[in-house]
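Below you'll find the structure, written out as structure tokens, and then a few comments.
Just so you know, these numbers use all the heavy atoms, side chains as well, and skip hydrogens, waters and symmetry mates. These numbers were taken from a predicted model, which means no experiment stands behind them.
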2 protein chains.
Amino acid sequence: MREAGVDARKKRILQAIIEDYVLTAMPVGSRTISRKYETSLSSATIRNEMSDLEEMGYLAQPHVSAGRVPSHKAYRLYVDGLLQQEVAADEGAKAFFTDQIRPTEDVATAAAQALAELTRYTAVVMMPKQLELRVSCLQLVPMPKGAALLVIVTDTGAIRDTVIRVSERLDSDALFSISRLLTERLAGRTLQEVQEMLGAYARMNGPDARVLEGIASLAAQMEKQSAQDTVIVAGSHNILNYPEYSDVEKARAFLTALEAKEKLTHLLSHHDAPFMVHIGSESSIADMQDCAIVTAGFPVGRGHRGAVGVIGPSRMPYDKVLSALGAASHVLGELLGE
Amino acid sequence: MREAGVDARKKRILQAIIEDYVLTAMPVGSRTISRKYETSLSSATIRNEMSDLEEMGYLAQPHVSAGRVPSHKAYRLYVDGLLQQEVAADEGAKAFFTDQIRPTEDVATAAAQALAELTRYTAVVMMPKQLELRVSCLQLVPMPKGAALLVIVTDTGAIRDTVIRVSERLDSDALFSISRLLTERLAGRTLQEVQEMLGAYARMNGPDARVLEGIASLAAQMEKQSAQDTVIVAGSHNILNYPEYSDVEKARAFLTALEAKEKLTHLLSHHDAPFMVHIGSESSIADMQDCAIVTAGFPVGRGHRGAVGVIGPSRMPYDKVLSALGAASHVLGELLGE
DNA sequence: TGTTAGCACTCTCACTCGTTGAGTGCTAAC
DNA sequence: GTTAGCACTCAACGAGTGAGAGTGCTAACA
């Protein structure tokens with residue numbers, strides 16, 4: 001019993017099995033390997049090797065007379081190999097993302113959509129929570145019929161707006177004065193402080209109460225939104241393209257699982273390495289036991305990090321997905337980092 | 001051969017079949033009707049009636065020893081009956097929508113999501129194109145690091161914004177002066193005119209060129225967006241809940257068809273009656289031949305009308321869907337009408 | 001003339017039973 | 001250590017069968 005670990009030939013065979021299985025989604029037989037990949041070895045030899053690999057837990061047989069299917073452990077070995085190499089940033093993909101993601105739009109949504117389109121899998125983008133956001137500017141823009149658009153800009157460049165009602169008498173100059181006054185008093189304050197201060201201002205005979213209320217509620221909403229990581233999902237029904245999900249029940253379970261974003265957030269928030277790969281049960285999301293989740297982090301300023309990911313069947317061309325993610329995270333980092 | 005049309009009893013039986021089929025999705029047998037709906041008649045009698053109804057094209061048999069399934073013609077008759085009555089506005093649904101749709105958010109998206117959640121079908125909302133939009137206000141809001149948020153408000157209350165770069169020297173007062181100057185000159189102009197005028201202003205030594213460019217591009221984008229009907233889809237994968245789509249291929253075809261929005265737009269744009277129902281092939285969307293599309297119109301001001309709709313299998317509780325749509329269109333009309 | 005009971009008939013569905021083919025494990029020879 | 005050969009296993013497929021659901025038709029009844 002001195003069978004060593006996985007020697008070079010076993011590794012080659014394992015890789016060949018993975019690649020064939022990724023391509024075809026069918027159990028791979030020894031004859032296939034001997035003819036398409038390791039032409040110098042007979043199927044019998046491959047058979048012996050496969051038998052060893054199975055015993056070591058890298059392969060599984062759906063049933064005795066079927067070929068072999070890679071186990072999660074096999075993917076893990078394969079992916080760890082990939083991750084040790086430099087992940088090549090795919091220039092084509094980078095160009096694609098640069099093209100699709102307009103800095104003036106909602107970058108996260110655009111990125112998720114572009115990534116889903118490119119990989120034909122489900123894509124997710126996580127934007128981290130930003131605590132202690134400080135107001136940088138606050139402005140009222142006149143609108144028809146006694147309404148005004150209240151815009152709050154934070155020091156990180158986040159923008160939020162809402163329509164509020166104001167007195168019909170306030171013209172654009174008056175609104176500007178109010179905006180200036182409010183910006184003067186509130187600039188540099190955290191959203192939390194802004195809400196607290198508004199109570200005191202209610203007694204001030206400056207802006208009318210509806211303006212103050214509007215600010216308070218928008219500040220509250222902003223704080224709530226920014227105080228938690230948000231996840232954006234795109235291309236969720238790409239999953240239907242894969243035979244793993246040709247069963248509607250499974251597909252539905254998957255899509256439902258995507259809607260419970262807490263688990264996803266959790267997964268994407270703890271992102272210490274540049275790339276991470278969760279295979280099968282490693283992700284701890286039930287209904288995604290047959291999936292792999294590949295993610296990449298990117299900086300969003302102030303030392304915070306967001307993450308972008310691809311979710312698909314464990315049978316996935318990890319090399320391609322990794323380089324697409326590399327490109328996506330690169331482009332996002334450039335847009336959102338300091 | 002003087003069999004008259006559909007007499008009252010035939011209508012009752014047809015309705016019973018439709019209602020049972022909507023509930024169970026299984027072909028309905030004569031015995032079921034005789035026991036659950038028309039208890040005073042024997043199954044044999046029902047059988048004779050069903051045979052007549054089949055001959056008239058209202059029923060079909062999947063195979064000879066299965067029960068009957070309503071044809072599109074049957075749904076049409078049934079729905080026309082419903083439409084002649086006043087569609088009862090479901091107060092519960094109305095409350096639900098009022099609750100879910102915040103006037104300060106993107107109303108169309110919120111409405112689509114709420115409707116999808118309520119009906120458990122796919123929901124669509126169409127916002128009509130608005131030609132000749134006129135600028136009502138234009139304002140630059142200061143942002144950190146030599147950026148500014150350009151906000152354009154139209155006379156209809158539509159808001160669009162984009163981040164542009166401006167000279168670092170411009171403080172909030174300077175930006176306000178520019179805003180005031182620009183609003184003065186551009187207010188009341190159509191988006192088209194604004195773009196044309198900006199060429200002339202390029203020679204003006206007021207605001208810097210990047211501001212003018214920003215305005216031009218935002219105006220162009222606004223014009224493009226407002227010049228075509230837009231459709232928002234929500235709850236697209238609710239379709240997986242129905243046995244009609246337990247085949248993944250069908251589900252995928254449906255979801256793909258939803259992505260080609262032109263057909264949907266076309267359908268929703270020609271909305272003359274308060275309610276419309278397209279059953280099966282009436283919608284002229286391939287891949288939705290087994291679907292029904294139920295829509296309701298609502299006013300969005302200036303005589304324009306939007307539409308909100310539900311897409312699901314033809315086997316659909318039309319009464320419930322109609323009253324949900326009634327509630328949705330009512331709430332939308334109140335928010336968006338004059 | 002409309003309604004009903006009864007019965008033969010049809011067709012799907014679920015199950016079983018060979019047959020086929022792919023792929024393996026083992027053995028013996030190289 | 002590698003390979004050819006062979007027996008073995010098991011899923012997939014098709015054919016055959018019985019049960020059950022539902023119909024159409026006929027004849028009797030009110």
Side-chain angles (χ1 to χ4, degrees), chain A residues 1-14 16-17 20-21 24-71 243-244 246-247, chain B residues 1-14 16-17 20-21 23-71 243 246-247:
Chain A
M1 255 305 225
R2 58 169 185 78
E3 289 152 18
V6 186
D7 61 29
R9 191 171 75 178
K10 281 198 173 53
K11 246 185 186 154
R12 278 208 318 279
I13 292 176
L14 191 55
I17 294 174
D20 201 79
Y21 185 64
T24 64
M26 306 270 273
V28 186
S30 55
R31 220 171 112 77
T32 310
I33 298 301
S34 131
R35 293 219 297 199
K36 289 211 293 186
Y37 299 88
E38 295 285 327
T39 42
S40 63
L41 295 176
S42 80
S43 66
T45 310
I46 306 287
R47 224 148 41 227
N48 290 329
E49 295 286 49
M50 282 166 96
S51 179
D52 291 354
L53 284 166
E54 179 165 7
E55 201 171 343
M56 293 184 231
Y58 291 106
L59 293 177
Q61 270 184 303
H63 56 87
V64 68
S65 78
R68 254 76 168 204
V69 164
S71 68
E244 280 85 346
S246 60
D247 176 18
Chain B
M1 254 303 228
R2 59 171 184 78
E3 288 151 17
V6 187
D7 62 28
R9 192 173 72 178
K10 281 198 172 57
K11 247 185 185 152
R12 278 209 317 279
I13 292 177
L14 191 55
I17 294 174
D20 201 78
Y21 186 64
L23 225 60
T24 64
M26 306 270 275
V28 186
S30 54
R31 222 172 112 77
T32 310
I33 298 300
S34 132
R35 292 218 297 202
K36 289 211 293 186
Y37 299 88
E38 295 285 327
T39 42
S40 63
L41 294 177
S42 80
S43 66
T45 309
I46 306 287
R47 220 140 52 219
N48 290 329
E49 294 287 49
M50 282 167 95
S51 178
D52 292 353
L53 284 166
E54 178 165 8
E55 203 171 342
M56 293 185 231
Y58 291 106
L59 293 178
Q61 268 184 303
H63 57 87
V64 68
S65 79
R68 256 72 169 210
V69 165
S71 67
S246 59
D247 175 18

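To the nearest 0.5 Å, the span separating CD1 on B:I17 from CG on B:L59 amounts to 4.5 Å. Taken to the nearest 0.5 Å, the NZ atom of A:K10 stands 10.5 Å off from the CG atom of A:L14. Going from atom CZ of A:R12 over to atom CG of A:D7 covers 9.0 Å, rounded to the nearest 0.5 Å. To the nearest 0.5 angstrom, B:E54 atom CD is 10.5 Å from B:D52 atom CG. Note that CD of B:E38 and CD1 of B:I13 are 5.5 Å apart. Values are rounded to the nearest 0.5 Å.
In this structure, A:R68 and A:S51 have side chains that are in contact, with non-hydrogen atoms separated by less than 4.5 Å. Proximity of A:S34 to A:L41: side-chain heavy atoms (C-beta onward) are nowhere separated by under 4.5 Å. Between A:E49 and A:I33 there is no side-chain heavy-atom pair separated by less than 4.5 Å.
Counting any heavy atom pair closer than 4.0 Å across all strands shown, B:S40 reaches sugar-phosphate atoms only and no base atom.
Nucleotide C:dT1 holds its C1' atom 12 Å from the CZ atom of B:R9, rounded to whole Å. As a whole-Å value, the separation of B:L41 CG from C:dA5 P is 11 Å. Here D:dG1 presents its P atom at 16 Å from CD1 of A:I46, a figure rounded to the nearest Å. Distance, B:E38 CD to C:dT3 P: 11 Å, rounded to whole Å.
In DNA chain C, stems built from 3 or more consecutive Watson-Crick or G-U wobble pairs, each with both distances under 3.5 Å, span C:1-30 with D:1-30.
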Between the protein and nucleotides 22-27 of chain C, which nitrogen or oxygen pairs come in under 3.5 angstrom?
unit_1, atom_1, unit_2, atom_2, d
C:dG23, O4', A:S65, O, 3.1
C:dT24, OP1, A:S30, N, 3.1
C:dT24, OP2, A:S30, N, 3.3
C:dT24, OP2, A:S30, OG, 2.6
C:dG25, OP1, A:R68, NH2, 2.7
C:dG25, N7, A:R47, NE, 3.3
C:dG25, O6, A:R47, NH2, 3.3

Can you tabulate the close N/O pairs, meaning under 3.5 Å, that link protein atoms to atoms of nucleotides 28-30 of chain C?
none

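For A:R31, the salt bridge (Lys or Arg N to Asp or Glu O under 4.0 Å) criterion is met by no residue, not counting sequence neighbours. In this view, B:T45 and B:S42 satisfy the side-chain hydrogen bond (donor to acceptor under 3.5 Å, both in side chains) rule, not counting sequence neighbours. A:R35 pairs by the salt bridge (Lys or Arg N to Asp or Glu O under 4.0 Å) definition with nothing, not counting sequence neighbours.
Residue B:S42 places at least one side-chain N or O closer than 4.0 Å to OP1 or OP2 of C:dT4.
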